[in-house]
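Beneath this line is the structure, given in structure tokens, with notes to follow.
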Amino acid sequence: MKNIKDYPLDVLKEEIKQMGEKPYRAEQIFQWLYVEKVKSFDDMTNLSLALREKLKQHYTICNFQILKKQESKDGTKKYLLDVLDGNAIETVLMEYSYGKTICVSSQVGCKMGCKFCASTGIPFVRSLTAGEIVEQILTVEQDTGERISNVVFMGIGEPLDNYENVVNSIRIINHPKGLAIGARHISISTSGIVPRIYDLAKENIQCTLSISLHATSNEKRSKMMPINQKYPIEQLIQACKDYIAMTNKRVSFEYALAKDNNDNREDAKQLVQLLKGMLCHVNLIPINPIENGKFSKSSNENIIDFRDYLNEHGIVATIRRELGSDIDAACGQLRKKNLK
Ligand code: SAH
């Protein structure tokens with residue numbers, strides 16, 4: 001059966017029309033799902049009983065079960081959610097001064113194989129549907145009773161390897177009649193699937209694009225991220241420049257600092273060269289060492305020095321606060337296995 005939460009409003013209108021119903025019914029359904037946040041068609045009391053029955057015959061309302069929840073000292077919460085087909089995914093909620101940020105997964109597993117990421121080595125199972133991405137937000141909002149203000153696609157999976165579903169989920173998350181989370185509060189993070197960056201630029205979605213860069217030479221980046229062999233740095237940076245020109249939006253670069261790997265002055269210099277003149281921001285992440293991984297964290301001193309060098313040379317850079325590391329919920333630590 002189809003999941004009613006898979007459809008952006010305009011597509012849901014078409015679906016409803018095909019059932020011989022007036023399109024405004026789709027708006028009512030949308031309101032029940034994303035404003036009232038009901039969990040069953042029976043609760044949609046302004047729809048006729050006949051329509052509710054018809055909806056039940058054609059669609060499910062996918063309601064995730066929370067299999068496990070862990071809470072960090074810093075308030076970060078990690079959820080293991082049952083996606084109703086025997087698979088489980090992880091979602092993390094973080095507290096920032098500006099509001100609650102949810103880190104959603106876009107796939108069950110990931111194909112990218114980044115060497116520093118805990119998802120590597122776990123088999124890829126499948127992509128999540130738009131409704132399954134949206135459901136992560138609904139489940140966590142319901143559990144905490146609080147509104148989520150920011151969404152980052154930085155959980156498990158490569159969002160641009162699940163392009164259509166991710167874009168559809170954003171259309172639901174962002175729609176004023178849906179979850180109404182402003183596009184500026186939504187970030188897509190990608191390992192750099194160049195053709196999809198161009199597609200995204202044409203979507204007219206105002207969300208932030210984050211690029212997991214992590215190195216400035218092809219040799220080094222390919223060792224960390226195999227995707228670099230397919231889309232090398234020159235192509236990736238050109239795509240970012242084109243993205244900025246097409247959208248007028250600032251691109252964010254993620255750079256995970258690993259000791260003696262990509263964290264010395266020479267690396268900082270090259271990064272300045274690479275990003276000079278671009279409308280961008282660099283997010284420095286102290287790398288989180290993973291089991292049997294060969295990367296270790298840079299010293300705090302080095303991280304601060306790296307940031308200062310970038311800032312002094314005209315590249316806006318900040319160090320990302322580490323949240324949830326005590327519950328393995330920090331960047332790149334999400335791994336189903338830990339929870340079982
Ligand atoms: N596939 C997407 C989104 C998921 S990963 C991407 O690659 O961007 C989210 C972010 O966490 C990425 O920037 C990724 O490079 C980073 N990351 C993964 N493992 C990490 C680790 N061990 N330490 C620090 N950052 C990590």
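First listed ligand is number 1; within each ligand, the first listed atom is number 1.
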Relative to the heavy atoms of [X], which atoms of ligand 1 are at a distance of less than 4.0 Å?
X    : answer
G157 : 1 (N), 2 (C), 3 (C), 4 (C)
F153 : 3 (C)
S191 : 6 (C), 7 (O), 8 (O)

Within 45° of the six-membered ring axis of F30 and under 6.0 Å from that ring's centre, is NZ or CZ of K177 located there? no

Do any heavy atoms of G293 fall under 4.0 Å from ligand 1? no

Contact between ligand 1 and G155 is defined here as a heavy atom of the residue under 4.0 Å from a ligand atom; is it met? yes

With sequence neighbours excluded, tell me which residues meet side chain to side chain contact (heavy atoms under 4.5 Å, CB included) with Q18. none

Would you please name every residue forming a side chain to side chain contact (heavy atoms under 4.5 Å, CB included) with Q142, sequence neighbours left out? K39

Checking the N or O distance criterion of under 3.5 Å, is ligand 1 in contact with F116? yes

Taking heavy atoms and a distance under 4.0 Å, where does I156 meet ligand 1: side chain, backbone, both or neither? neither

Does the side chain of [X] pick up a donor-acceptor pair with the side chain of [Y] at under 3.5 Å?
X    : Y    : result
D242 : Y198 : yes
Y59  : E15  : yes
N262 : D267 : no
N168 : D6   : no

Among H214, E254, E158, K297, which one has a heavy atom closest to atom 14 (C) of ligand 1? H214

Could you check which of S189, A258, S212 puts a non-hydrogen atom nearest to atom 7 (O) of ligand 1? S212

